[in-house]
Amino acid sequence: MTVTDSRPLTDWEPAYRALTCGRAFDELALKLQRQGVLDSYGEARGQEAGQIGTTIDLGPEDMVFPSYRQPAVALARGVPVIELLRFYAGADFCPWDWRKHGFAPYCIPVGSQVAHAVGWAWGTRLEGSDAVTVVFFGDGAASQGEVHEAMNYAGVFGAPVIFVLENNGFAISLPTARQTNAPELYVRAAGYGIAGVRVDGNDLVAVRSAAEEALARARAGDGPTLIESVTYRMGGHTTSDDPRRYRAPEELLEWEARDPVIRFRAALAGVPGFEDRAAEIDREVAADLDRATDEFLSERGMA
Amino acid sequence: MTVTDSRPLTDWEPAYRALTCGRAFDELALKLQRQGVLDSYGEARGQEAGQIGTTIDLGPEDMVFPSYRQPAVALARGVPVIELLRFYAGADFCPWDWRKHGFAPYCIPVGSQVAHAVGWAWGTRLEGSDAVTVVFFGDGAASQGEVHEAMNYAGVFGAPVIFVLENNGFAISLPTARQTNAPELYVRAAGYGIAGVRVDGNDLVAVRSAAEEALARARAGDGPTLIESVTYRMGGHTTSDDPRRYRAPEELLEWEARDPVIRFRAALAGVPGFEDRAAEIDREVAADLDRATDEFLSERGMA
Amino acid sequence: MTKTAPRSRTGFTMADGIQRALDTALGEDPRTLVMGEDVGRLGGVFRITAGLRDKYGEHRVIDSPLAEAGLVGTGIGLALRGFRPIIEIQFDGFIFPALNQICTHVSRMPLRVKDEGLLPMTIRLPTGGRIRASELHSESPETYFAHSPDLRVVSASTADTAGALLLAAIRSDEPFVYLEPKRLYRRYRVEPEQEVAEVDPGRARLLREGGDALLVVYGPMVDIGLQAAEAAAAEGIETAVLDLVSLAPLDEATVLEQAARSGRVVVAAESIRRCSISSDVVTLLATEGFGSLRCAPRLLTSPNRPYPPAHEEDEHLPSVADITQAIKEVAA
Amino acid sequence: MTKTAPRSRTGFTMADGIQRALDTALGEDPRTLVMGEDVGRLGGVFRITAGLRDKYGEHRVIDSPLAEAGLVGTGIGLALRGFRPIIEIQFDGFIFPALNQICTHVSRMPLRVKDEGLLPMTIRLPTGGRIRASELHSESPETYFAHSPDLRVVSASTADTAGALLLAAIRSDEPFVYLEPKRLYRRYRVEPEQEVAEVDPGRARLLREGGDALLVVYGPMVDIGLQAAEAAAAEGIETAVLDLVSLAPLDEATVLEQAARSGRVVVAAESIRRCSISSDVVTLLATEGFGSLRCAPRLLTSPNRPYPPAHEEDEHLPSVADITQAIKEVAA
Ligand SMILES: Cc1ncc(C[n+]2csc(CCOP(=O)(O)OP(=O)(O)O)c2C)c(N)n1
Ligand SMILES: Cc1ncc(C[n+]2csc(CCOP(=O)(O)OP(=O)(O)O)c2C)c(N)n1
Ligand SMILES: [Mg+2]
Ligand SMILES: [Mg+2]
């Protein structure tokens with residue numbers, strides 16, 4: 001799919017910026033962790049398109065419940081870089097103003113945030129608001145009973161929530177094929193009487209169009225959607241992990257060829273003026289991260 | 001469906017006896033509870049065909065994990081009447097020899113027994129046995145996260161287990177339609193990559209044939225099956241319940257017309273010699289229950 | 001005190017008091033919701049919510065699917081959004097599926113985001129035994145809550161205060177667990193004019209004066225304890241009876257002050273002994289009130305075994321006679 | 001004692017001892033299974049099970065789906081069938097989803113069917129803090145187990161005994177929860193000849209003699225406690241240090257006996273204070289050992305607040321200095 005068929009380039013700038021910023025943050029955090037400035041970092045490289053595609057069209061009144069691997073979304077929702085860094089440094093469990101940014105605290109017990117999103121969304125509906133709630137969880141978390149309970153609640157109460165199941169191939173070391181015998185996870189939606197769809201999570205354009213449908217459904221009061229975003233965790237589970245213990249290097253190479261950032265750039269390549277604008281955005285993002293890093297390091301007494 | 005098409009009558013005697021015995025026990029227990037001899041009783045009337053149809057072809061090496069509403073199965077597996085009565089009298093949490101009868105203790109937290117059945121079945125498989133495990137749970141229990149987790153485990157490990165979801169229309173007062181937005185519950189099987197089927201739970205012949213397929217699959221090492229047995233709880237949730245508070249009398253009348261005991265008798269009616277043999281079995285069952293009641297009452301100091 | 005008074009024909013029970021508190025809460029704040037299994041059309045298995053759905057509608061008195069983690073988890077989401085959910089868990093023994101939500105979120109999320117008023121939710125839970133129920137219907141799970149930090153845990157005990165205590169919990173912006181000794185739902189009646197209008201949910205309550213010993217109790221042990229105190233009084237021993245009301249945090253000042261009067265203390269509860277609220281009361285006395293103790297405190301609980309079948313429950317739980325005996329021993 | 005000895009280059013760690021015990025158990029009984037998240041190919045997030053899958057195969061060292069209730073629940077089914085599952089829960093903070101299975105079944109099923117040996121299963125759980133981990137990775141959830149009747153709860157504390165303690169739990173037909181203070185996995189080394197061959201999982205262990213005071217500790221507080229005792233000794237106070245080993249049931253006789261020596265007791269633990277194992281130790285002393293106490297026991301725990309972010313954990317937990325100070329106060 002190409003982008004320009006349906007939208008002018010300006011419409012894609014936010015997505016481009018968010019994707020770039022997410023990737024750049026990932027690299028920064030990894031570097032800072034290696035330098036001993038952050039305690040631990042859970043890499044998001046490779047998952048940015050699914051994350052940005054499902055959230056870039058949300059408004060400020062909408063809400064996102066992350067798991068713990070969506071820094072790109074946090075930044076796109078306006079969370080300052082330095083606040084994210086404080087989280088990974090072990091300074092604070094929720095350094096950001098979650099209400100202001102519509103980005104809930106990271107949630108450590110996998111899957112337990114899904115019910116919160118359902119309750120929040122149900123609340124918006126009771127209020128008569130047309131706000132939509134997006135919640136992220138993984139292929140591993142999908143095995144948790146609480147996720148089942150939450151999706152069933154959403155079906156019963158018609159909560160305007162979008163379940164984004166990031167199927168990134170692994171729960172730490174366990175491949176999805178051993179997490180469940182079901183070849184596709186979106187089929188679980190039928191078990192709750194809700195809509196379900198599977199999408200190439202490394203194709204931002206495809207993800208965004210699936211999300212648009214889900215958003216329209218939720219805003220219209222027609223209930224929740226489960227989006228299975230098929231992607232790949234290109235890094236380790238966290239910086240404490242060593243993925244070489246459990247996966248073949250060739251697999252990673254395969255997925256590097258499908259890198260969502262590269263693919264999105266390629267999709268935009270034919271758009272007149274893209275290169276210039278992109279270079280500008282790249283510079284802005286880099287400057288922003290540099291500033292935040294300096295501030296962070298000096299706050300830590302390291303600059 | 002009629003019975004004699006495929007089997008000689010003698011093959012149906014055990015099912016007939018089990019059905020009759022289950023119904024007679026239900027009536028007895030209700031009466032004893034009204035007399036104040038039992039603390040509380042959860043009626044099973046209307047669900048006997050689904051219960052017997054899924055278990056009558058099990059052998060002694062097979063195993064049943066009940067919820068708390070399968071007295072008919074307990075009796076068919078050889079649990080003495082008096083031991084069941086002791087349970088409902090509050091004397092003992094598991095008066096029967098569960099290993100000997102292949103009938104696990106009743107389980108009070110709904111849905112929590114399903115994982116036990118999966119573990120047990122997985123164990124039989126590790127041993128190289130071809131034993132099969134059957135587990136019962138309700139439409140309400142199906143909302144519990146632990147049921148989701150257990151079914152997913154069964155799929156991953158190919159455990160030879162048959163999940164019998166008794167969809168009896170209610171979880172205490174909540175109708176299935178408000179328990180979940182999914183119109184059919186067997187579709188959840190697809191979410192675990194396991195076989196699933198929906199069957200008229202008031203038609204013993206139909207249930208038995210669905211169970212035979214599931215049994216064959218499990219014995220062959222081809223994994224678990226979810227059977228949704230669609231039935232109706234004709235009595236109250238327990239003797240403490242008053243179903244008139246939440247359901248229309250007409251609904252009950254409708255289901256009385258589909259009473260599984262009457263339907264099974266009707267299915268057998270054309271079989272030569274059926275009436276005589278049935279009368280004999282009826283007498284034997286009644287005598288058995290009378291004896292047990294006397295013994296129980298005298299043990300309670302009430303005879 | 002009307003606890004052990006003969007039953008009256010007029011007046012109201014603890015169940016009535018709780019129900020009226022729910023009605024008041026729903027009436028005074030449109031953000032209040034009542035949620036739980038069978039609480040709507042059926043009115044709850046104990047009929048505590050009977051009539052509320054008809055009065056406030058199915059969007060405010062909500063029949064939930066049969067899934068306790070989902071119930072508490074969605075309650076958290078609603079509370080985050082600004083609603084004030086009052087969640088009924090059907091029986092004490094069915095709180096366990098919700099413990100992940102309670103222990104990792106209800107108890108931690110306010111501090112996680114540094115906002116004490118983040119989760120204005122109340123979890124109502126019928127507790128306690130001596131009702132000849134089946135397995136897991138007679139539990140005393142207060143420790144699981146009390147050991148989860150930043151949760152406030154209170155227990156009703158008498159008809160005259162149960163409603164006001166619940167209202168205080170509901171109106172608070174902190175998350176509360178409110179325990180309802182189910183045996184007492186309809187056991188005693190008090191006259192309307194006896195109803196207490198306001199209760200401080202953090203304060204223990206002295207139910208009986210007495211200079212010879214102090215008996216510390218809560219919840220389903222309160223009426224039993226008062227009976228024991230009367231039995232001891234018949235033998236000339238005057239026992240003060242303190243109802244903890246707040247199990248977490250403990251009203252330490254009042255416990256210490258009352259214990260100091262006689263220096264002779266009995267603590268009794270239905271829960272098992274290990275890691276119990278009652279054990280904490282003894283620890284408080286031993287660490288902070290050591291100097292005022294005139295003899296070893298006595299602790300009466302059920303043994304560290306599972307709650308038994310109905311036939312055996314009377315032996316399992318501390319009885320009036322057991323407590324009376326312990327009072328006599330400390331006062332000797 | 002080698003606890004506070006300088007690290008050696010040879011020798012083995014607590015992690016090694018635990019791993020060897022698992023190897024021994026898998027080797028000696030084909031019904032033994034190791035199950036858990038990432039325990040197979042990865043060897044567990046702490047690498048405790050590294051190599052075991054290659055040695056015993058994927059049917060005996062089993063990577064489970066990410067679902068703790070399913071893990072413990074299927075473990076129960078396997079145990080009923082005669083297997084001996086050893087279940088690893090990845091971190092202390094992730095035990096909560098399994099509490100329904102643990103509290104309503106593991107802790108009750110043996111008595112339910114009147115068969116003490118019904119569930120020969122062991123749940124291994126890395127616990128404790130001071131490792132700069134993220135939220136819910138530094139918890140001390142022992143109370144949740146100890147308050148669940150008929151569960152045996154033990155904690156490793158030293159490299160020389162961790163393996164034998166685990167083997168005793170695995171070989172027992174009773175269900176055990178075995179706590180592993182993760183900070184100590186690789187912190188100390190002992191020489192092979194120091195390994196203790198057998199440990200009674202029900203007995204407390206005196207790690208240090210001392211007539212001036214008794215310090216009662218367990219798990220991750222053991223090395224801290226020994227350091228405090230040394231610090232006190234430097235000021236002339238000789239402190240006995242008792243490692244509880246068994247948290248449920250407590251080795252009451254040994255605690256009482258050791259406490260009686262000096263009558264001056266400090267109890268210290270990482271867990272929060274309310275409804276804690278440590279509170280029970282104080283209660284035991286106050287109720288059964290009252291006459292031998294020469295001053296109020298001192299109880300050092302973390303406050304009744306959630307475990308904080310890494311930056312604040314040192315302030316949250318009792319330190320060597322805190323304990324030393326308490327020892328000096330009781331011995332004064
Ligand atoms: C209830 C619970 N159990 C275990 C863990 C430890 N853990 C953290 S992340 C993780 C894997 C999660 O996999 P998935 O849901 O696929 O998300 P991903 O990390 O791939 O984004 C595990 C096992 C946890 N955080 N919570
Ligand atoms: C975890 C848990 N929550 C609540 C209950 C109380 N309870 C007992 S049976 C029941 C309804 C069960 O409905 P269903 O699973 O459909 O089975 P049925 O009773 O219809 O056979 C409820 C809510 C329970 N036993 N366990
Ligand atoms: Mg994943
Ligand atoms: Mg039902």
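Across all their heavy atoms, P175(D) and V106(D) have their closest contact at CB-CG1, 3.5 Å. When all heavy atoms of A268(D) and L215(D) are compared, the closest pair comes out as CB-CD1, 4.3 Å. Among all heavy-atom pairs drawn from L300(D) and A326(D), the shortest one is CD1-CB, 3.6 Å. Summarising the geometry of I87(D) relative to G75(D), their closest heavy-atom pair is CD1-CA, 4.1 Å, with the distance given to 0.1 Å. L151(C) approaches F145(C) most closely through the heavy-atom pair CD1-O, 3.7 Å. The two atoms that bring V265(C) and V330(C) nearest to each other are O-CG1, 3.9 Å, heavy atoms only.
Annotation: side chain of F91(D) is not in contact with side chain of L136(D) (no heavy-atom distance under 4.5 Å). Under the 4.5 Å side-chain criterion, counting only non-hydrogen atoms from C-beta, L244(D) is not in contact with V217(D). At least one side-chain heavy atom of L256(C) sits less than 4.5 Å from a side-chain heavy atom of L285(C).
Put simply, of A98(D), A69(D), C295(D), the one with the most heavy-atom pairs under 4.5 Å next to chain C is C295(D). Interface check for chain D: of the options P97(C), G289(C), P149(C), P249(C), the most heavy-atom pairs under 4.5 Å are formed by P149(C). With chain C as partner, the option from A146(D), P309(D), G291(D) having the largest number of non-hydrogen pairs under 4.5 angstrom is A146(D). Highest contact tally toward chain D, considering only C275(C), A296(C), P141(C), C103(C), is held by C275(C) [criterion: heavy-atom pairs under 4.5 Å]. Contact count versus chain C (heavy atoms, under 4.5 Å) is highest, among L99(D), I102(D), V282(D), L250(D), for V282(D).
For the side-chain contact (heavy atoms from CB on, under 4.5 Å) test, residues two or more places apart in sequence or in another chain that qualify with A79(C) are P85(C), L119(C), P120(C), M121(C).
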Taking donor and acceptor roles from the modelled atom types, list the N and O pairs under 3.5 Å across chain D and chain C.
unit_1  : atom_1 : unit_2  : atom_2 : d
R108(D) : NH1    : E139(C) : OE1    : 3.2
R108(D) : NH1    : E139(C) : OE2    : 3.1
R108(D) : NH2    : E139(C) : OE1    : 2.8
R112(D) : NE     : E135(C) : OE1    : 2.9
R112(D) : NE     : E135(C) : OE2    : 2.9
R112(D) : NH2    : E135(C) : OE2    : 2.9
E135(D) : OE1    : R112(C) : NE     : 3.0
E135(D) : OE2    : R112(C) : NE     : 2.9
E135(D) : OE2    : R112(C) : NH2    : 2.9
E139(D) : OE1    : R108(C) : NH1    : 3.3
E139(D) : OE1    : R108(C) : NH2    : 2.8
E139(D) : OE2    : R108(C) : NH1    : 3.1
Y144(D) : OH     : S148(C) : OG     : 2.7
A146(D) : O      : R274(C) : NH1    : 3.4
H147(D) : ND1    : R274(C) : O      : 2.6
S148(D) : OG     : Y144(C) : OH     : 2.7
D150(D) : OD1    : R305(C) : NE     : 2.8
D150(D) : OD2    : R305(C) : NE     : 3.3
D150(D) : OD2    : R305(C) : NH2    : 3.0
R274(D) : O      : H147(C) : ND1    : 2.6
R274(D) : NH1    : A146(C) : O      : 3.4
C275(D) : N      : D280(C) : OD1    : 3.1
C275(D) : N      : D280(C) : OD2    : 2.6
S279(D) : O      : T283(C) : OG1    : 2.8
S279(D) : OG     : D280(C) : OD1    : 2.6
S279(D) : OG     : T283(C) : OG1    : 2.8
D280(D) : OD1    : C275(C) : N      : 3.1
D280(D) : OD1    : S279(C) : OG     : 2.6
D280(D) : OD2    : C275(C) : N      : 2.6
T283(D) : OG1    : S279(C) : O      : 2.7
T283(D) : OG1    : S279(C) : OG     : 2.8
T283(D) : OG1    : T283(C) : OG1    : 3.1
R305(D) : NE     : D150(C) : OD1    : 2.8
R305(D) : NE     : D150(C) : OD2    : 3.3
R305(D) : NH2    : D150(C) : OD2    : 3.1

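Both the backbone and the side chain of L293(D) come within contact range of chain C, judged by heavy atoms closer than 4.5 Å. For I272(C), the parts lying near chain D are the backbone and the side chain together; criterion is any non-hydrogen pair under 4.5 Å. Looking at I277(D), both its backbone and its side chain come within 4.5 Å of chain C, counting heavy atoms on both sides.
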